[in-house]
There are 2 protein chains.
Amino acid sequence: MTGASFWSQFELRQLRCFVAAAEELHFGRAAQRMNMTQPPLSRQIQLLEHVLGVKLLDRTSRAVKLTPAGRVFLLEARRIIRLTESAAMTTRRIASGEAGTINIGFTAASGYSFLPRLLLRMGSGAPNIALALKEMVSTDQVESLLTGRIDVGFLRPPIDRGEFSTLRVAREGLVAALPSGDERLAKASLSLADFDRKPLIMYAPEGARYFHDMLSAQFEMAGVSPQFVQSLSQIHSMLALVRAAIGVALVPEAATSLHFDDVHFRSVETQPPQPVELYAAWRSDNDNPALAAFLDQLRQDED
Amino acid sequence: MTGASFWSQFELRQLRCFVAAAEELHFGRAAQRMNMTQPPLSRQIQLLEHVLGVKLLDRTSRAVKLTPAGRVFLLEARRIIRLTESAAMTTRRIASGEAGTINIGFTAASGYSFLPRLLLRMGSGAPNIALALKEMVSTDQVESLLTGRIDVGFLRPPIDRGEFSTLRVAREGLVAALPSGDERLAKASLSLADFDRKPLIMYAPEGARYFHDMLSAQFEMAGVSPQFVQSLSQIHSMLALVRAAIGVALVPEAATSLHFDDVHFRSVETQPPQPVELYAAWRSDNDNPALAAFLDQLRQDED
DNA sequence: CACGCCCATCCAAAAACCGCATCGGTCGAT
DNA sequence: ATCGACCGATGCGGTTTTTGGATGGGCGTG
């Protein structure tokens with residue numbers, strides 16, 4: 001080894017010894033507090049002073065006093081030690097899943113009703129888990145799950161990837177969105193036949209594959225052929241067209257929390273009665289401990 | 001010994017190893033950066049993880065990745081290390097006298113002219129030394145110097161204590177404070193004889209012993225006997241009485257920076273011409289390194 | 001002046017650490 | 001499928017560092 005103080009960096013042990021000595025102003029008692037004897041404690045403090053190049057304690061055989069530099073360094077040392085303790089604590093909490101951050105992807109439609117309820121639930125059941133929300137369509141969610149940009153996604157089936165675990169978190173019925181003046185508003189509840197050969201605003205197969213396929217299947221089963229006047233993928237855009245009386249739209253129940261003037265909702269009988277499903281999906285090998293706590297809360301919500 | 005992890009505290013060395021590994025994501029390169037070989041680095045990180053009870057790095061033989069807890073702990077570790085470095089730096093600066101705090105006592109009169117100049121000088125010559133100013137009379141300054149409540153005092157002689165070092169920092173003449181209408185305002189300069197048998201506001205021997213004794217000696221030498229109408233110890237109070245035409249006062253030149261309506265100043269010839277002295281005093285054994293730098297500045301001001 | 005208190009120093013024993021050699025696992029090329 | 005390169009973990013001497021008892025020396029106290 002070449003040098004004397006090549007390693008001009010102190011260790012936490014030295015800080016702890018110094019704080020003890022500075023608080024006791026007595027090497028013997030400080031050593032006792034540190035569970036050691038006095039000579040090594042003396043040595044640790046000498047080492048610390050040596051790497052700093054600064055005398056921290058003025059010690060005569062009769063009394064120990066802090067130097068001005070020592071007074072300042074004592075404050076710094078205490079801060080550092082506090083920081084190490086809190087760092088250890090928060091890290092343990094994160095590892096245990098008690099705290100942490102979860103990145104969440106969600107579809108626009110799930111944001112209307114399901115997500116607000118989820119946030120409330122998590123706020124009380126897992127208050128130290130921060131939720132970072134990103135709206136994205138289902139296909140983007142799958143991509144983001146694979147790259148790890150999100151930990152969990154709330155999306156529409158089908159989810160076929162083998163590396164995912166899933167959980168159905170919501171099921172809901174369809175409602176019709178009708179403009180003011182539409183004669184079908186007279187009925188309390190509609191059937192699919194009410195849309196046969198009538199203008200209907202449909203979901204685009206690219207941007208809203210799930211709704212497009214699901215509705216197509218429903219109409220097929222019922223033997224009904226609406227007149228598709230427009231294809232869109234975002235529900236609030238569809239309602240805007242409904243308001244303009246371009247046609248009517250079939251939307252998930254949750255969309256009734258969107259209030260448009262002159263747009264009214266009527267329930268629609270389907271088979272099954274709640275054909276719209278929302279799933280949570282996450283990588284089975286996701287190692288975010290907060291995710292486990294999050295999923296526990298989610299499962300309790302099922303009841 | 002009771003327990004397994006009785007020493008549930010990590011060391012800075014472990015943090016440095018972890019940060020290196022987390023940044024390189026490669027134990028070999030991290031070890032190289034830490035000037036050691038890979039096995040001990042592995043061990044340090046294992047130790048850290050064991051102490052925390054948390055896995056920080058996910059390591060396969062092919063890749064190293066941070067766990068969620070590790071990501072958070074990395075931030076904390078960096079903060080801690082930065083803090084240790086800055087703590088060492090500031091402590092060294094304080095020990096060298098380059099930075100620090102000096103507690104200063106000063107008399108009210110020195111605050112009028114000398115102290116503002118001093119603050120300016122220190123602000124440019126020793127910008128990292130903080131000055132904590134406390135106004136107190138000379139006797140209190142002596143007491144505070146002895147107990148260490150102040151590092152340096154600016155006070156009036158005599159300062160006889162053996163444990164003090166002193167430096168004369170200012171010398172000034174006397175001026176007369178006269179109310180509007182006083183006939184002596186006609187003269188550009190006064191002599192002590194101009195105050196013989198005339199109303200004079202005098203210094204109280206208790207609160208302003210220095211000025212009281214000094215003026216008494218001046219009058220004695222000149223064979224002059226003014227008519228003492230009032231005894232005060234604070235200069236601004238004396239000027240208030242001058243304004244009310246209770247009498248005139250003899251004050252140090254510095255007091256001319258106090259502007260009272262209807263109070264005018266005229267210089268007074270004395271022997272010696274500058275009888276008012278101000279000293280800096282400090283304990284010879286004061287160990288505040290900033291004091292040395294402060295005194296250096298002070299001595300340069302003498303020129 | 002002897003004694004007690006307290007921090008520094010010395011020294012042998014213990015612990016920690018380091019580096020070398022090696023193992024086991026994985027990926028990519030052949 | 002096999003081989004070789006790569007990477008982190010582990011076993012093991014040798015060395016450094018640390019520890020704590022004994023001791024020394026300075027300084028107040030009785």
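Order of the sequence lines sets the chain letters (A, B, ...), proteins ahead of strands, with each chain counted from 1. Keep in mind it's a predicted model, so treat the numbers as computed, not measured.
Between B:Arg59 atom CZ and D:dT10 atom P there is a gap of 9 Å when expressed in whole angstrom units. Distance, A:Arg62 CZ to C:dG4 C1': 8 Å, rounded to whole Å. If you measure from atom CD of B:Gln32 to atom P of D:dG8, you get 13 Å, rounded to the nearest angstrom. One can place CZ of A:Phe27 at 16 Å from P of D:dC27, the figure rounded to the nearest angstrom. The distance from atom CG of B:Leu48 to atom P of C:dC17 is 13 Å, rounded to the nearest whole Å. One can place NE2 of B:His26 at 9 Å from C1' of D:dG8, the figure rounded to the nearest angstrom. Distance CD (B:Gln38) to P (D:dG11): 14 Å, rounded to an integer number of Å. Straight-line distance from the CG atom of B:Leu25 to the P atom of D:dC6: 19 Å, rounded to whole Å.
The phosphate of D:dT19 (OP1 or OP2) has a side-chain N or O of A:Gln44 nearer than 4.0 angstrom. Side-chain N/O atoms of B:Arg13 include one lying less than 4.0 angstrom from OP1 or OP2 on C:dC18. In terms of phosphate contacts, B:Ser42 brings a side-chain nitrogen or oxygen within less than 4.0 Å of OP1 or OP2 of D:dA9. Residue B:Thr37 has a polar side-chain atom (N or O) positioned under 4.0 Å from OP1 or OP2 of C:dG19.
The aromatic rings of B:Phe10 and B:Phe73 stand perpendicular to each other, their planes meeting at an angle above 60°, with 30° marking the opposite boundary.
Residue A:Leu47 has its side chain nearest to D:dT18 when only D:dA9, D:dT18, C:dC18 are considered.
A donor and an acceptor atom sit less than 3.5 Å apart, one in the side chain of B:Arg43 and one in the base of D:dG11. No donor-acceptor contact under 3.5 Å links the side chain of B:Gln46 to the base of D:dA9.
Along DNA chain C, the nucleotide nearest to B:Ser61 and the one nearest to B:Gln14 differ in position, and the one closer to the 5' end is contacted by B:Gln14.
A salt bridge links A:Glu11 to B:Arg16: one of the charged nitrogens lies within less than 4.0 Å of a carboxylate oxygen. The pair B:Glu98-B:Arg93 counts as a salt bridge, with a side-chain nitrogen and a carboxylate oxygen less than 4.0 angstrom apart.
The side chain to side chain contact (heavy atoms under 4.5 Å, CB included) with B:Trp282 is formed by just one residue from the set B:Leu295, B:Ile104, B:Asp151; it is B:Leu295.
With sequence neighbours left out, A:Arg59 forms a salt bridge (Lys or Arg N to Asp or Glu O under 4.0 Å) with A:Glu49.
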